[in-house]
*Asks:* 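Okay, here's the structure, questions in a sec.
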Amino acid sequence: MQQLELIVVQLEEAKGMIEKGRMAHLRLAFILLDSVTELILHRTVQSELWDQEVLVGLLSTYKQLEAHGSAEAAAEVEAIEARIISKSELNKIDRNFDAKVDFLVERGVLDAAIAPVLEKLHKYRNEMYHRDKLRPEVIKPATLIYFDSACTVLTSYRHLYTLYGSPSELGPELRRYAVADGPLSFVRQDLPQRIAAQLRHEVGLDLPQVRRALVQYLNARLVLQCGFVIYPVGSSPERRR
């Protein structure tokens with residue numbers, strides 16, 4: 001449960017920065033969202049890889065049995081090898097944001113549609129953080145999109161919870177979600193999904209708003225690169241350029 005609390009605190013702080021709305025606060029919110037998204041990805045990847053050490057041990061055992069003439073063991077070796085991920089690939093997944101996303105998409109944990117969004121947002125974070133490139137016309141819609149994307153990743157969160165002795169030991173950020181349905185609700189497996197839904201609601205994120213944020217983001221990029229603007233479907237023709 002402490003692991004989930006770390007995630008919730010970061011998301012709550014990002015929400016507060018978004019509500020303040022100034023560029024400096026939005027920048028901080030974006031960095032927090034990138035950090036918490038990678039944390040969720042990392043923990044979910046580790047949960048998906050729980051069997052790797054077991055498989056390596058099994059492979060060694062079956063290879064020894066195969067060497068002693070066991071036909072059944074020989075038949076299992078190839079199947080076990082197919083499930084083992086190479087050390088180089090594991091290192092890549094551990095170090096690289098995009099590799100984590102791609103791995104979870106391959107495993108069916110994340111929807112493939114979210115992958116390019118996360119990868120692009122993470123790239124923008126690196127520009128902002130490492131190269132001090134802050135685009136005022138992009139930061140607000142990009143931050144709203146990242147908040148929604150972080151909530152999407154949270155709904156896929158897979159991690160073994162470390163339970164507290166009682167809900168009263170939870171921090172205030174997590175307690176307000178965990179005890180909403182009674183003293184035992186903090187052990188419910190759908191807690192990440194419930195938190196994501198509540199955070200979206202509190203920030204005011206719904207499908208139309210996310211679409212508007214996306215249009216604003218695309219417009220900002222298109223104006224910078226091409227000099228033209230797009231409008232949502234149904235907008236007044238008089239507004240078009």
Side-chain angles (χ1 to χ4, degrees), residues 1-14 27-63 76-133 142-143 145-163 173-174 189-193 195-196 199:
M1 207 65 165
Q2 288 173 318
Q3 305 298 321
L4 185 58
E5 184 174 24
L6 292 176
I7 291 169
V8 171
V9 168
Q10 279 192 252
L11 288 169
E12 288 280 0
E13 290 298 319
R27 175 185 179 275
L28 183 55
F30 196 95
I31 292 171
L32 283 171
L33 290 168
D34 182 79
S35 172
V36 75
T37 298
E38 187 156 18
L39 177 60
I40 298 169
L41 293 173
H42 170 75
R43 290 180 179 167
T44 306
V45 165
Q46 294 305 306
S47 294
E48 286 293 308
L49 295 174
W50 70 270
D51 61 345
Q52 289 299 299
E53 288 189 16
V54 174
L55 290 171
V56 169
L58 279 175
L59 181 62
S60 176
T61 299
Y62 275 96
K63 281 189 172 181
E76 291 292 333
V77 166
E78 185 175 351
I80 295 172
E81 286 179 333
R83 295 174 59 191
I84 294 176
I85 301 172
S86 68
K87 288 185 178 180
S88 61
E89 185 64 20
L90 288 174
N91 287 334
K92 179 181 177 182
I93 294 169
D94 185 58
R95 296 193 305 266
N96 187 275
F97 183 96
D98 291 1
K100 290 182 179 68
V101 173
D102 293 342
F103 174 76
L104 293 175
V105 168
E106 290 174 4
R107 289 290 181 106
V109 177
L110 291 179
D111 191 312
I114 195 71
V117 177
L118 292 173
E119 292 166 3
K120 187 66 176 179
L121 291 168
H122 181 67
K123 182 179 179 181
Y124 179 45
R125 177 268 181 194
N126 288 340
E127 291 181 5
M128 181 193 305
Y129 187 77
H130 295 297
R131 301 181 182 87
D132 197 25
K133 291 184 178 180
T143 303
I145 293 168
Y146 214 162
F147 194 92
D148 183 69
S149 299
C151 289
T152 297
V153 175
L154 179 59
T155 62
S156 302
Y157 180 61
R158 297 182 183 177
H159 193 268
L160 296 176
Y161 299 155
T162 303
L163 296 178
E173 295 84 3
L174 185 55
Q189 294 300 304
D190 67 343
L191 185 54
Q193 292 76 23
I195 292 171
L199 285 169

*Asks:* Between Q52 and I85 (side chain of the first, backbone of the second, donor and acceptor by atom type, cut-off under 3.5 Å), is there such a pair?
*Replies:* yes
*Asks:* So, do H122 and E119 sit near enough that their side-chain heavy atoms are less than 4.5 Å apart?
*Replies:* no
*Asks:* Within a radius of less than 6.0 Å around CZ of R83, do more than 12 heavy atoms belonging to other residues, nucleotides or ligands occur?
*Replies:* no
*Asks:* Rounded to the nearest 0.5 Å, what separates atom CG in D34 from atom OG1 in T143?
*Replies:* 11.0 Å
*Asks:* Pick out which of L41, I195, L4 makes a side chain to side chain contact (heavy atoms under 4.5 Å, CB included) with Y157.
*Replies:* L4
*Asks:* Rounded to the nearest 0.5 Å, what's the gap from CZ on F103 to OG1 on T44? Could you check?
*Replies:* 10.5 Å
*Asks:* Calculate, to the nearest 0.5 Å, the distance between atoms CG and CD1 belonging to L104 and I93 respectively.
*Replies:* 8.5 Å
*Asks:* For the residue pair E38 and R125, establish whether any side-chain heavy-atom pair is separated by less than 4.5 Å.
*Replies:* no
*Asks:* Taking it one step at a time, do Q10 and L6 satisfy side chain to side chain contact (heavy atoms under 4.5 Å, CB included)?
*Replies:* CA-CA 7 Å; Q10 279 192 252; L6 292 176; 5.6 Å; no
*Asks:* Please report the shortest heavy-atom distance between I40 and A150, naming the atom on each side.
*Replies:* CD1-O, 4.4 Å
*Asks:* Does the side chain to side chain contact (heavy atoms under 4.5 Å, CB included) test come out yes or no for I114 and S149, once each step is laid out?
*Replies:* CA-CA 7 Å; I114 195 71; S149 299; 3.9 Å; yes
*Asks:* Can you spot which of T37, L154, V153 makes a side chain to side chain contact (heavy atoms under 4.5 Å, CB included) with I7?
*Replies:* L154
*Asks:* Show your reasoning for whether side chain to side chain contact (heavy atoms under 4.5 Å, CB included) applies to V9 and V36.
*Replies:* CA-CA 9 Å; V9 168; V36 75; over 6 Å; no
*Asks:* Looking only at non-hydrogen atoms, find the nearest pair between L11 and F147 and report the distance.
*Replies:* O-CE1, 3.8 Å
*Asks:* Do any N or O atoms from the side chain of R43 and from the backbone of Q3 form a donor-acceptor pair under 3.5 angstrom?
*Replies:* yes
*Asks:* State, yes or no, whether a side-chain contact exists between I84 and I80 at a heavy-atom distance under 4.5 Å.
*Replies:* yes
*Asks:* Kindly give the heavy-atom pair with the smallest separation between A14 and A29, and that separation in Å.
*Replies:* O-CB, 3.7 Å
*Asks:* Between C151 and A196, which heavy-atom pair has the shortest distance, and what is it?
*Replies:* O-CB, 3.5 Å
*Asks:* What heavy-atom pair brings A115 and V105 nearest, and what distance separates the two atoms?
*Replies:* CB-CG2, 4.0 Å
*Asks:* Show your working on side chain to side chain contact (heavy atoms under 4.5 Å, CB included) between D98 and K123 and close with a plain yes or no.
*Replies:* CA-CA 10 Å; D98 291 1; K123 182 179 179 181; over 6 Å; no
*Asks:* Quick one: pull up NZ in K92 and OG in S86 and give me the separation to the nearest 0.5 Å.
*Replies:* 10.0 Å
*Asks:* Please check: side-chain N/O of T155 versus main-chain N/O of T152, any donor-acceptor pairing under 3.5 Å?
*Replies:* yes
*Asks:* Please indicate whether Y62 has more than 12 foreign heavy atoms, meaning atoms of other residues, nucleotides or ligands, lying under 6.0 Å from its OH.
*Replies:* no
*Asks:* If you compare all heavy atoms of F97 against all heavy atoms of L118, which two are closest, and at what distance to 0.1 Å?
*Replies:* CE2-O, 3.6 Å
*Asks:* For the residue pair L199 and E12, establish whether any side-chain heavy-atom pair is separated by less than 4.5 Å.
*Replies:* yes
*Asks:* Would the number of heavy atoms belonging to other residues, nucleotides or ligands and lying under 6.0 Å from CD of E48 be above 12?
*Replies:* yes
*Asks:* Tell me if a side-chain donor or acceptor on K100 pairs with a main-chain N or O of H42 at a distance below 3.5 Å.
*Replies:* no
*Asks:* Just verifying a value: how many Å separate D148 CG and I145 CD1, rounded to the nearest 0.5 Å?
*Replies:* 8.5 Å
*Asks:* For this output row, return yes or no: ring centroids of F30 and Y124 closer than 6.0 angstrom.
*Replies:* yes
